[in-house]
Amino acid sequence: MPAAPVTTKYDLMLRGGWVIDPANGRDGPMDVAILGGKIAAVDREIRDVGALKVVDVSGRYVTPGLIDLHAHFYGGGGGYKDFEMNPDMYAIPNGTTTVVDAGGAGWMNYGGFIDRVVHGYRTRVLGLLNICAYGMHTHHENDPKSFMPEDCARTICENSGVFVGIKTAHYMQPGYESVDAAVNAGEIAGVPVMMDSWPSDIRKYPDMILKHLRPGDIHTHFYAQQFPWLGADKTVAPYMWQARKRGVIFDVGHGAGSFWFRIAAPAIAQGFGPDTISTDAHSGSFYMQRATMPVTISKLLCLGISLQEAIDRSTRVPAKVIRRTDIGTLSVGAEADVAVFELERALSPDTGFGYVDSGGAMMNGDKRLTCAMTIRAGNVLYDREGLSRPDYRGLGNYKKAE
Ligand SMILES: [Zn+2]
């Protein structure tokens with residue numbers, strides 16, 4: 001008699017991990033089951049199962065795949081040719097399943113971004129469209145004539161599956177032209193604006209975040225040197241709390257220049273942590289600062305942010321900010337983007353882990369978060385320890401293991 005067909009209820013089961021899924025208020029030991037590329041169940045103990053593959057992730061944290069709200073994968077040419085990273089090579093080993101390219105493309109050249117970057121990789125790539133028509137491909141970001149709010153907004157609406165907001169950046173003229181044009185486009189398209197703008201004598205930082213940005217707009221790089229919101233005694237300026245209260249989103253945007261321990265440490269000690277955690281990943285921040293999501297999160301953990309909060313600021317909150325609450329979650333039915341992390345703890349910072357910031361400084365910390373596994377749409381794309389693989393000693397000679 002032929003054997004009865006095996007019915008598999010799930011394709012993959014992550015068993016015994018500690019789930020942190022802020023979008024669903026989950027924080028505890030749970031199993032996660034995946035079927036057909038989607039989350040099929042999350043529960044204390046999913047009993048049997050008929051899962052094709054069961055992976056023991058005990059002693060590890062299981063979270064939604066992280067969302068990096070500010071990174072760079074498009075924008076070669078001009079002065080920015082060194083910026084571009086390969087989204088998969090950057091994101092997949094780092095538990096990051098969604099990246100947001102922050103302003104590489106403008107409405108005149110976004111086609112290449114969609115063809116080559118969005119459709120070219122397994123990482124989910126979204127974008128903030130630059131208010132400058134040419135994005136970061138040239139130096140036009142300094143030229144108000146290249147700011148075209150209506151064309152920018154129209155392009156976003158026509159490509160709403162890709163573009164989730166607007167970027168204004170690198171504007172070195174003294175006025176508010178770039179910020180205001182971006183906000184104008186944001187009003188038309190109904191999307192948030194991310195601002196990266198050095199203050200000037202005319203363009204005052206408090207006015208940018210209290211008057212020009214709207215609630216829901218994002219100031220990236222807020223732990224950078226150019227925003228003097230710490231007093232001489234290191235007190236956080238009252239206008240920062242005011243801006244937070246009115247709904248401005250403060251994003252890390254680590255990068256090569258924008259995460260300074262000596263600003264972040266006293267701010268976090270006073271309760272001024274980030275709303276969203278992002279890396280500003282580009283080739284200039286990849287080696288010295290190692291500004292990936294797990295390393296950026298590790299630095300924040302060492303400065304006093306809890307792991308639960310850090311995961312919240314890397315999943316649920318960025319998803320909400322870009323109005324994509326279908327991602328950054330382990331909700332049943334969501335695309336199965338999942339990360340597995342290990343948290344190493346040292347007895348003291350001095351015997352722990354060294355980190356480099358964007359201000360040329362180092363910090364000893366007592367925590368280090370590292371990625372053990374990344375799953376994108378149900379597929380295991382990264383598995384540092386081979387947790388999902390059979391031991392070679394039990395296998396026959398010449399058949400590749402599934
Ligand atoms: Zn950037």
Side-chain angles (χ1 to χ4, degrees), residues 66-87 90-91 94 96 98-106 109-110 113 117-118 123 125-132 134-142 152 163-172 178-179 182 186 191-199 208 213 217-227 249-260 263-264 274-293 295-296 299 313-314 318 321-322 357-359:
L66 305 183
I67 300 169
D68 189 345
L69 190 60
H70 179 169
H72 293 282
F73 309 100
Y74 189 68
Y80 299 108
K81 66 179 163 39
D82 291 337
F83 262 52
E84 290 188 17
M85 306 270 289
N86 173 314
Y90 161 69
N94 289 303
T96 305
T98 299
V99 295
V100 181
D101 178 88
N109 63 0
Y110 71 95
F113 171 65
V117 184
V118 175
T123 306
V125 181
L126 303 173
L128 303 176
L129 194 68
N130 202 311
I131 187 57
C132 168
Y134 310 96
M136 285 168 51
H137 274 269
T138 61
H139 295 296
H140 290 277
E141 281 180 298
N142 247 326
C152 177
F163 293 114
V164 292
I166 295 161
K167 180 83 183 292
T168 158
H170 313 127
Y171 186 63
M172 301 309 280
S178 182
V179 172
V191 295
V193 167
M194 176 183 279
M195 177 190 79
D196 160 10
S197 189
W198 283 59
M208 281 196 271
L213 290 187
D217 288 338
I218 306 147
H219 174 223
T220 191
H221 303 323
F222 79 111
Y223 288 143
Q225 68 184 125
Q226 61 266 34
F227 308 106
I249 306 296
F250 289 96
D251 175 60
V252 173
H254 187 320
S258 303
F259 183 8
W260 290 46
I263 301 171
D275 292 304
T276 52
I277 297 171
S278 70
T279 65
D280 188 20
H282 55 81
S283 57
S285 64
F286 196 64
Y287 298 106
M288 274 308 289
Q289 291 82 10
R290 296 186 296 120
T292 63
M293 287 297 284
V295 172
T296 304
K299 293 171 181 176
R313 309 297 154 133
S314 310
V321 166
I322 59 174
D357 77 356
S358 308

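In listed order, ligands and their atoms are each counted from 1. Along the sequence shown, the residues carry numbers beginning at 1.
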Please check if any side-chain donor atom of Asp68 sits under 3.5 Å from a side-chain acceptor atom of Tyr90, or the reverse.
->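 On atom types as modelled, these side chains qualify, holding a pair under 3.5 Å.
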Taking both backbone and side chain into account, is any N, O or S atom of His72 nearer than 2.8 Å to the Zn ion (ligand 1)?
->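 Checking His72: at least one N, O or S atom is under 2.8 Å.
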Backbone or side-chain N/O/S of His70 under 2.8 Å of the Zn ion (ligand 1) |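 His70 does place an N, O or S atom closer than 2.8 Å to the Zn ion (ligand 1).
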Give me the ring orientation class for Phe113 and Tyr74: parallel if the planes are under 30° apart, tilted from 30 to 60°, perpendicular past 60°.
->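 Plane angle between 30° and 60°, so tilted.
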Please assess His72 against Asp280 for the test side-chain hydrogen bond (donor to acceptor under 3.5 Å, both in side chains), listing each intermediate value before the final yes or no.
-> CA-CA 7 Å; His72 293 282; Asp280 188 20; 2.9 Å; yes
Is there a side-chain contact between Ser358 and Trp260, using heavy atoms and a 4.5 Å cut-off?
->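 When only atoms from C-beta onward are counted, Trp260 and Ser358 do touch, with a gap below 4.5 Å.
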Of all N, O or S atoms in Asp280, identify the one at the shortest distance from the Zn ion (ligand 1).
->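 Closest N, O or S atom of Asp280 to the Zn ion (ligand 1): OD1.
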